[in-house]
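Remember, it's 1-based here, ligands and their atoms both numbered in the order they're listed.
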Amino acid sequence: MSVVIRCENLVRIFTSAGVEVVALSGLDLLVSDGEFVAVVGASGSGKSTLLRILSGLDRPSAGSAHVAGHDLIAMGRRERLRFRRETVGFLYQQAADNLLPYLSVADNVATPMHLAGARSAQVRTRVADLLDLVGLADHADRRPAALSGGQQQRAGLAVALANSPTVLLADEPTGELDTATAEEVFAALRTVNAHLGTTVVVVTHDPGVSEQVGRTVGIRDGRTSSEVLRRTEIDHEGRSELVAEEYAVLDRAGRLQLPRDFTRALDLRDRVRLDLRPDHIGVWPGRTTASPETSETPETPETPEERTP
Ligand SMILES: Nc1ncnc2c1ncn2[C@@H]1O[C@H](COP(=O)(O)OP(=O)(O)OP(=O)(O)O)[C@@H](O)[C@H]1O
């Protein structure tokens, strides 16, 4: 499957009042065509900065970023405008940022198409198709204020998809919604992902969304740290079960960030002991007094931090 988003060693440093803030500190991210990925991290971890760069609103200080064949650093003004209009769609947390309050839902969805020069007949068909897809066919004539929070986000989703973007970027799209309504919005995002093939990247502080998406990428201190991949497996009795596997990102320099709950569980810190096996690497709490040669190496290590890829 082809790669749609490729970020390598992305750095973004802000300077305000003479103080430098490192928002992204060498972030790597690969997203394949048609994937549904959540980037999850605490407040201040760099999520919004990453999305602003991916949507062409901001430029990184260093590193490289490509989205759907566009080089986000080399891109000139004209290409950037076209990229923002045609290649990426954006869904914000607040309905007010996605929808114009004085237009009906249908006119909100039609506006980006008219701006891109689409013909009226074409616009009408696409508006109807999109509202059908997000389950708002019966609400086309309503103003945003007459919709529930979940309906407003689904209307915003239809607006973001108006010009058939390759990638949909969503910044905390369910941040203001209760759990049931958030699930409804994620269901609409999954429908869009499955039916239109749009690659979807959601950023959020909520680790709970990992159950709603195909892959979760953790972001910590401006770098991608761990990943959880979910896939369906058929067990020996023919039942399908959802399997979640945890991954960590290994960068080109060989650096690996272990998930915090793993390091805490085994009190791993400062220095850890490594053991190369034919198909995996074992990691043990380091001992300060014994060297790796003299310390015991379990013959059949079964500690939870060991993963066979
Ligand atoms: N324009 C800016 N000027 C100065 N510092 C900034 C700017 N934008 C972001 N930062 C800083 O960069 C860091 C990352 O911010 P960012 O908004 O990307 O994080 P976030 O994970 O999206 O957080 P939140 O969930 O709170 O929005 C923070 O320390 C933030 O204060």
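- Remark: minimum distance from atom 8 (N) of ligand 1 to any protein heavy atom is reached at Phe14 CE1, 3.4 Å.
- Listed by number with element, the atoms of ligand 1 under 4.0 Å from a non-hydrogen atom of Lys47 are 18 (O), 19 (O), 20 (P), 21 (O), 22 (O), 23 (O), 25 (O).
- For Gly46, a nitrogen or oxygen atom sits less than 3.5 Å from a nitrogen or oxygen atom of ligand 1, counting backbone and side chain alike.
- The single protein non-hydrogen atom nearest to atom 30 (C) of ligand 1 is Val21 CG1, 4.6 Å, given as residue, atom name and distance.
- At the top of the distance list for atom 17 (O) of ligand 1, counting protein heavy atoms only, stands Ser48 CB, 3.7 Å.
- When only interatomic distances are considered, the shortest N/O to N/O separation between Ser43 and ligand 1 falls below 3.5 Å.
- One side chain, Glu172 or Thr204, offers a donor N or O that lies under 3.5 Å from an acceptor on the other.
- With Ser25 contributing its side chain and Asp221 its backbone, the two residues share a donor-acceptor pair below 3.5 Å.
- Taking atom 14 (C) of ligand 1 as the reference point, the nearest protein heavy-atom neighbour is Gly44 O, 3.4 Å.
- The two residues Arg12 and Ile53 have their closest heavy-atom pair at CB-CD1, 4.3 Å.
- Between the side chain of Asp33 and the backbone N or O of Ser2 there is no donor-acceptor pair closer than 3.5 Å.
- Among all non-hydrogen protein atoms, the one lying nearest atom 12 (O) of ligand 1 is Ala23 CB, 3.3 Å.
- Considering backbone and side-chain N/O atoms, Ser45 comes within less than 3.5 Å of an N/O atom of ligand 1.
- At least one cation-pi condition fails for Arg264 and Phe262: the charged atom is not both under 6.0 angstrom from the six-membered ring centre and inside a 45 degree cone around its axis.
- A donor-acceptor pair under 3.5 Å is formed between the side chain of Asn108 and the backbone N or O of Leu103.
- Atoms of ligand 1 found under 4.0 Å from any heavy atom of Ala42 (numbered from 1 in listed order, with element): 21 (O).
- Within the 4.5 Å cutoff, side-chain heavy atoms of Leu177 are placed close to those of Val185.
- Arg126 places a side-chain N or O within 3.5 Å of a backbone atom of Ala162 that can act as its donor or acceptor partner.
- Remark: ligand 1 atoms within the under-4.0 Å shell around heavy atoms of Thr49 are 15 (O), 16 (P), 18 (O).
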